[in-house]
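Order of appearance sets the numbers: ligands from 1, and atoms from 1 within every ligand. The figures here come from the full heavy-atom set of this structure, side chains too, leaving out hydrogens, waters and symmetry mates.
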Amino acid sequence: MYNFSKPALSPGVPGLSFNFNNEKMEKNMPVTSDELKLIARTVRALSMDIVQKANSGHPGMPLGCADIASVLWTKIMNYNSEDTSWVNRDRFILSAGHGSALLYSMLHLSGYSLTLDDLKKFRQMGSLTPGHPEFRHTPGVETTTGPLGQGFANGVGMAIAENLLSGEFGDIIDHYIYAIAGDGCMMEGVTSEAASIAGHLKLGNLIYIYDSNRITIEGSTDLAFSENVGKRFESYNWHVQEIDGHNFAEIETSILEAQKVKDKPSLIIARTVIAKGSACMEGSEESHGAPLGEKEIKASKEKLGCSCETSFDVPEEVYSIFKRVKNEKKKVYDSWQMKFNSKIKNELKEKWDSFFTRPDIEKLRNHLPVFEKGSKIATRAASGKVLETLYKELPNFIGGSADLAPSTKTMVKNISESGNGKVGRILHYGVRENAMGSIQNGIAYYGGFINFSATFFVFMDYMRPAVRLAALSGLQSIYIYTHDSIFVGEDGPTHQPVEHLAVSRAIPNLNVIRPCDADETVEAWIAALARDNGPTLIVLSRQNLPVIDRTGRASAKDLVKGGYIIHDYDTHDLVILSTGSEVHLSIGAAVRLFTEKGIRTRVVSFPCWELFDKQSESYKKDILGTGNKTVVIEAGIKMGWEKYAGENAVFITVDEFGKSAPEADIADYFGFTINKIFERIVKYMA
Ligand SMILES: Cc1ncc(C[n+]2csc(CCOP(=O)(O)OP(=O)(O)O)c2C)c(N)n1
Ligand SMILES: [Mg+2]
């Protein structure tokens, strides 16, 4: 049990001396504090019932944050539950995603398409109320959360997007991003990275409330968390306040105060009690992740003054308060629409459409770079050339690197850049891959922008949680991962990805594209731009690669089929499946095999498994060939290739860590030269 007499976690944060005047505030309130009390009590009862009915879930957080949520949804946030994609709505993120019962209760009460019946199906198959909030699944849910800290960082991405959009369209975009984050979020590393960059960028539109109940699953935060969070955030350049999270006036006043701070993100440390309002569970970690039980719920409802006989009981009065709230909010919405109609529809229509309609890919094609056949260029450099076009042609195209822009080739001249206190279309994320992925997702959740991030492929490990969530949430996040194999060379095995292609391909709904040359790199970008319901990962070489002469060969446009024949004879004795920098080696070996040994080798360029899997069975059969002799050539682990090549294929792959040595020596050591491939195949065919 938590000792309530303990001092607050972050005592003495300056700038906290409010002069609360409840009476005065009451007069200005469209919702009175008695009404707030009734709402919060109802939310508590609902949340207890939701979790109890499912016999699974997290009641502690919803009870502890019911007061904060009641103020946010009635008196603070602008939204229209009937137009969930309203561009200028305030965003709300439940970073402490385990408190989903709270979010669902609030969405139900405030008029979103979420019925009491939906709440009764919490955590059940196919329901609108999954265990943790899921974007694109439940109306009103802005982000997928549950992995702690992700929501916190997503909000930073939203704040960046809001900032850029208001830079383009003026005060037609002027909303806030709110979040509730718990002790767990505050401990996660991704939060520190995201908070650090948010403070540096001076994102004044961020207002985060920290549910500081000092309880996590194992018990008191005394076990593992003793820093002064307020001071920490102050040093990140955040505006910090500390309040009693159960005092409506303090909640409201602190948020209004935070709204006034334009040059800093705001953290409101709300001292709360987990399971507040329950009969015997207040302050107990046991309330975190298990139903309270019928007996405790009955006693708690009695204590709160709710009806104890029925569950899912929402007093008519609560619905009627929310109806009034809805009408008030509708006025704000309507006046915004008027402003929008006069300003955007007349003056800025074309520009607006260029943000909010999908790019015309065929038109874009005409502007994309063309590469000289036979010349040599690293695919990362080819991607850099593509970026120049994209930045120029698409005003809503943004992105950045985690301090590796010169290496990932993601710097483009004469484009606005982020820096101290400003956002730009080129984002300098600093050395923060972890937050970069999650911030990028936040931008994608927000809408209106197409955005990419860039780093070395090996450091994808630092952002895998975000990549996974982008795939789960169907976000158009584009990842540029360069230095894609052992051919990184002298930097050695720490910098040489080997298992990363397999790891990436293992994530459902993620398109992993490893282009073999500059032309395929262009097509990889086109595929990524055209895909707006899921992320795309483009894996690029550090080293120069020949631009394959396509005369008499399939066009690189066939990349869209995932795999296609790039070299062939009338019939074939074997098939090579290959990707990226190994494709030109495969073609080189195939030519020698034919001229010196009469062996006819089909080479399949196989840049994207996921796109290939979507092709017809007959196409796949045609490409993979009729014989049973297959060789896979890829500078990564073999895992997964069996699916296309069969168990008995020859795998020229890298199933160990790489080496620190010059590129040519590495190629020779691991068998990735035309000579070595030739010899290996001759032996195999014999
Ligand atoms: C990245 C991550 N690690 C672990 C968990 C499992 N988990 C869920 S809630 C939680 C404790 C969170 O504590 P807090 O945020 O204080 O929530 P409270 O118990 O106060 O509701 C943990 C460890 C998770 N969801 N995400
Ligand atoms: Mg907690």
Checklist entry - Non-hydrogen atoms of Pro147 versus ligand 1: any pair closer than 4.0 Å? => result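 Distance cut 4.0 Å: Pro147 passes for ligand 1.
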Checklist entry - Does some non-hydrogen atom of Ala96 fall short of 4.0 Å from ligand 1? => result no
Item to check | Verdict with supporting geometry, Phe322 and Tyr319, ring pair (Phe, Tyr, Trp, His ring centres under 6.0 Å) | outcome: CA-CA 5 Å; Phe322 272 98; Tyr319 283 128; 8.3 Å; no
Measure the distance from [atom] to every protein heavy atom, then report the residue, atom name and distance (to 0.1 Å) of the closest one.
atom	result
atom 9 (S) of ligand 1	His288 CE1, 3.2 Å
atom 21 (O) of ligand 1	His98 NE2, 2.8 Å
atom 12 (C) of ligand 1	Leu148 CD1, 3.7 Å

Atom indices of ligand 1 within 4.0 angstrom of [X] heavy atoms, with elements:
X	result
Thr216	13 (O), 16 (O), 19 (O)
Glu188	1 (C), 2 (C), 3 (N)
Gly184	13 (O), 14 (P), 15 (O), 16 (O)
Asp183	14 (P), 15 (O), 16 (O)

[X] N/O to ligand 1 N/O under 3.5 Å:
X	answer
Asn213	yes
Ile215	yes
Ile274	no
Ile217	no

Checklist entry - Taking non-hydrogen atoms only, is Glu285 closer than 4.0 angstrom to ligand 1 via side chain, backbone, both or neither? => result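 No part of Glu285 comes within reach of ligand 1.
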Next on the checklist: Test of understanding: given a 4.0 Å heavy-atom threshold, classify the contact between Thr221 and ligand 1 as side chain, backbone, both, or neither.
Outcome noted: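 Thr221 to ligand 1: no contact under 4.0 Å from either part.
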Is atom [atom1] of [X] surrounded by more than 12 heavy atoms (other residues, nucleotides or ligands) closer than 6.0 Å?
X	atom1	value
Arg468	CZ	no
Arg232	CZ	yes
Gln124	CD	yes

Checklist entry - Taking Asp183 for the side chain and Arg214 for the main chain, is one N or O donor matched with an acceptor at less than 3.5 Å? => result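 Such a contact is found between Asp183 side chain and Arg214 backbone.
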Next on the checklist: Any side-chain to backbone donor/acceptor pair from Arg44 onto Lys276? Under 3.5 Å, distance only.
Outcome noted: yes
Next on the checklist: Go through it in stages, so that I can follow the logic: the residues are Phe457 and His500, the test is ring pair (Phe, Tyr, Trp, His ring centres under 6.0 Å), and I'd like the CA-CA distance, side-chain angles, deciding distance and then a yes or no.
Outcome noted: CA-CA 7 Å; Phe457 195 22; His500 296 71; 5.6 Å; yes
Item to check | Ring geometry between His58 and His288 (parallel below 30°, tilted from 30 to 60°, perpendicular above 60°) | outcome: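 Perpendicular.
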Checklist entry - Once the angle between the rings of Tyr178 and Tyr176 is folded into 0 to 90°, is it parallel (under 30°), tilted (30 to 60°) or perpendicular (over 60°)? => result tilted
Checklist entry - Which residues and atoms, protein N, O or S only, are under 2.8 Å from the Mg ion (ligand 2)? => result Asp183 OD2, Asn213 OD1, Ile215 O
Checklist entry - Do NZ/NE/NH1/NH2 and the carboxylate oxygens of Glu234 and Lys231 come within less than 4.0 Å? => result no
Next on the checklist: Using ring centroids (six-membered ring only for Trp), state whether Phe459 and His495 fall under 6.0 Å.
Outcome noted: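 Centroid separation for His495 and Phe459: below 6.0 Å.
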Checklist entry - Mind checking whether Tyr445 and Phe135 have ring centres under 6.0 Å apart? => result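 Ring centres of Phe135 and Tyr445 closer than 6.0 Å.
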Checklist entry - Given Phe152 and Trp238, is the ring pair (Phe, Tyr, Trp, His ring centres under 6.0 Å) satisfied, shown in steps? => result CA-CA 14 Å; Phe152 187 106; Trp238 283 56; 5.7 Å; yes
Next on the checklist: Quick one, Glu282 with Lys303, criterion salt bridge (charged side-chain N to carboxylate O under 4.0 Å, His left out). Give me CA distance, side-chain angles, the key distance, then yes/no.
Outcome noted: CA-CA 12 Å; Glu282 284 193 353; Lys303 178 176 158 184; 3.2 Å; yes
Checklist outcome for this item: Of Gly182, Gly189, Gly146, Gly289, the one whose closest heavy atom lies nearest atom 25 (N) of ligand 1 is Gly146
